[in-house]
Amino acid sequence: MDLRESAADRAFRDEVRAFIAANLPKDLKDKSEAGLRMHVHDGQRWHKILAAHGWGAPGWPTEIGGCGWEHGRQYIWEEEMAMAGCPPLSPFAVKMVGPVIAQYGTPEQKARFLPPARSGEHLWCQGYSEPNAGSDLATLRTMAVRDGDNYVVNGMKIWNSYGHEADWMFALVRTSTDGKAQEGISVLLIDMKTKGISHRPIITIDGSHILNEIRFDNVVVPVNNRIGEENKGWTYAKFLLGNERALIAQIAQSTKLVKRIKEIGARELSNGAGLIDEADFRSKLAAIEVELEALRVTNQRVLYEAKTGTAGNGGAILKSKGTFISQALSELMLEAVGYYSSPWVMEQLETGWNQPPIGPSYAKNAMPLYARQRANTIEGGTEEIQKNVISKQVLGL
Ligand SMILES: Cc1cc2nc3c(=O)[nH]c(=O)nc-3n(C[C@H](O)[C@H](O)[C@H](O)COP(=O)(O)OP(=O)(O)OC[C@H]3O[C@@H](n4cnc5c(N)ncnc54)[C@H](O)[C@@H]3O)c2cc1C
């Protein structure tokens, strides 16, 4: 495995960098640099700009309108976007449900759902977890009962990200209670405007409203919106979860955070030196950077295995290590901004807040970031579950 970037890859990196410099709207760039909160609609706006250039779905094959880039190129693209402070793109449409529809959907479903997912027109959300079905997802109880050409759905989903903003949900529902729990599950694509769907916000410790509890009361969903075969949804769900775990490794975002911490650390303190000049701080940062570099190589190995068809089970390793690093960096960020992280005022993370900021602008996002990153080791499968997967599938225990 050759880890060096080829001349073609370097040229591609330059092309991406130039495109971002010319096309990222100034207000979004300013927002990112000021450490303000990016909303899902900021990401959607940027997605539409990328899509207009033909870059709406980097990983999809060209036959369905994607860029057909192999994983290495996708990684370069993501790294450049993170380093330039582009708003994060919602993963649900392009990275999660899109590949499932492309692989298992009917021709009608592909024609109907893939173009607006690629263009950023449709926002999607994921309806998997339930109050008593998280790690043990197969015990989910939201029922879909067949009624002619429709299903009637009743039940509840929880920890649903962006359900209050989304146009569509891909949901796991129970269509049979016979046999093993995994055998009675189906995947439905549900229009979030359908009568009988309601949501209750869950405000997280960082003050955000991203999560929701979603209720279904006699929600009618056409059978045509089912992906693949009835009761075979567990296969499609697992296909999707593998993609989700690799996403949470956040290598590009962590690289950006290291750069930011170094910039903050380089600022002069009252003693005339920067925090970065202190041996203790420097050694903590170096230790995390070493871990990040190792993760980058592991990521390349996983991508190489995918390219050569020798795919292992790298998703769980990437997720476990990647979340450890992003949490450690968010802790170091708190250390770097010191007491300026304490007077955290939610409103100053919003555009248009017209009071003078409390503390320097670079400190604004440190505390919410720290709080937000706690969830990294829970979402997309908890740390304990990743360790179970690694011990079984990678170590063969
Ligand atoms: C920020 C955030 C966003 C999310 N977004 C979504 C979303 O959009 N859509 C969605 O469907 N879900 C979403 N989730 C839910 C997430 O997938 C679940 O929280 C996660 O799978 C864990 O399930 P749980 O919360 O029910 O915890 P539980 O499964 O009840 O686990 C509780 C504790 O027990 C441990 N545990 C459980 N089983 C085992 C085991 N076999 N071995 C060892 N330890 C075990 C866990 O590690 C954990 O520490 C989100 C969660 C968060 C935090």
Side-chain angles (χ1 to χ4, degrees), residues 37-38 40 43 88-97 100 123-142 153 155-174 181-182 185-190 192 197 199-216 233-234 236-250 253 315-316 319-320 322-324 326-327 330 368-393 395 397:
R37 194 187 296 277
M38 288 283 191
V40 70
L89 305 179
S90 164
F92 297 116
V94 171
K95 294 201 169 168
M96 293 168 80
V97 74
V100 175
L123 285 177
W124 283 79
C125 67
Q126 177 184 30
Y128 276 29
S129 308
E130 296 185 6
N132 291 305
S135 303
D136 196 5
L137 190 56
T139 57
L140 64 91
R141 289 195 302 202
T142 293
V153 181
M156 185 196 279
K157 296 288 173 185
I158 199 160
W159 313 124
N160 166 274
S161 305
Y162 296 112
H164 58 302
E165 309 269 15
D167 303 295
W168 287 86
M169 171 191 280
F170 52 95
L172 293 184
V173 293
R174 182 154 300 288
Q182 286 84 347
I185 291 172
S186 300
V187 176
L188 293 183
L189 309 181
I190 302 180
M192 291 301 281
I197 299 180
H199 68 83
R200 196 177 65 81
I202 302 173
I203 307 299
T204 41
I205 194 170
D206 63 345
S208 302
H209 173 204
I210 290 174
L211 300 180
N212 300 281
E213 178 185 288
I214 308 269
R215 293 190 74 93
F216 299 94
W234 192 244
Y236 319 133
K238 280 196 301 187
F239 173 84
L240 193 146
L241 273 180
N243 291 340
E244 182 182 9
R245 286 182 183 156
L247 282 174
I248 302 173
Q250 301 195 14
Q253 291 85 342
K319 199 216 161 208
S320 175
T323 52
F324 158 76
S326 67
Q327 289 186 341
S330 70
L369 178 78
Y370 170 80
R372 171 63 186 84
Q373 300 304 67
R374 300 307 97 193
N376 277 175
T377 37
I378 302 172
E379 61 197 320
T382 66
E383 174 62 10
E384 289 77 11
I385 295 299
Q386 303 316 306
K387 295 261 165 68
N388 286 352
V389 172
I390 293 168
S391 75
K392 244 193 243 157
Q393 296 183 357
L395 304 175
L397 300 174

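Whatever order the structure lists ligands and atoms in, that order sets their numbers, starting from 1.
Atom numbering of ligand 1 starts at 1 in the shown order; those under 4.0 Å from a heavy atom of A375 are 1 (C), 53 (C). Every atom of ligand 1 with a heavy atom of N388 under 4.0 Å away is listed here by number and element: 40 (C), 41 (N), 42 (N), 43 (C). Contact atoms of ligand 1 toward G134: 21 (O), 23 (O), 24 (P), 26 (O), 29 (O) (distance under 4.0 Å to a heavy atom of the residue). Interface atoms of ligand 1 facing L211, defined by a heavy-atom separation under 4.0 Å, are 2 (C), 3 (C), 4 (C). Proximity to I385 (heavy-atom distance under 4.0 Å) selects the following atoms of ligand 1: 38 (N), 39 (C), 40 (C), 41 (N).
E379 has a carboxylate O that lies under 4.0 Å from a charged side-chain N of R372, or vice versa, which qualifies the two as a salt bridge.
The minimum heavy-atom distance between Q386 and G380, with the atom names listed, is NE2-O, 3.8 Å. Contact record, I190 with F216: CD1-CE2, 4.0 Å, taken as the closest heavy-atom pair.
Residue E379 has no nitrogen or oxygen atom sitting less than 3.5 Å from a nitrogen or oxygen atom of ligand 1, judged on distance alone.
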Just do the side chain to side chain contact (heavy atoms under 4.5 Å, CB included) check on F170 and Y128 with the steps written out, would you? CA-CA 8 Å; F170 52 95; Y128 276 29; 3.9 Å; yes
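Between the side chains of S326 and Q253, no donor-acceptor pair of N or O atoms lies under 3.5 Å. For the residue pair Q126 and S161, no side-chain donor N or O sits within less than 3.5 Å of a side-chain acceptor on the partner.
With a 4.0 Å cut-off on non-hydrogen atoms, T382 touches ligand 1 through its side chain and not its backbone.
Between atom 14 (N) of ligand 1 and the options W159, Y162, F170, the minimum heavy-atom separation is to W159. In this comparison of K157, E130, M169, E384, the heavy atom closest to atom 43 (C) of ligand 1 sits on E384.
Between atom OG1 of residue T204 and atom CZ of residue R374 there is a gap of 13.5 Å, rounded to the nearest 0.5 Å.
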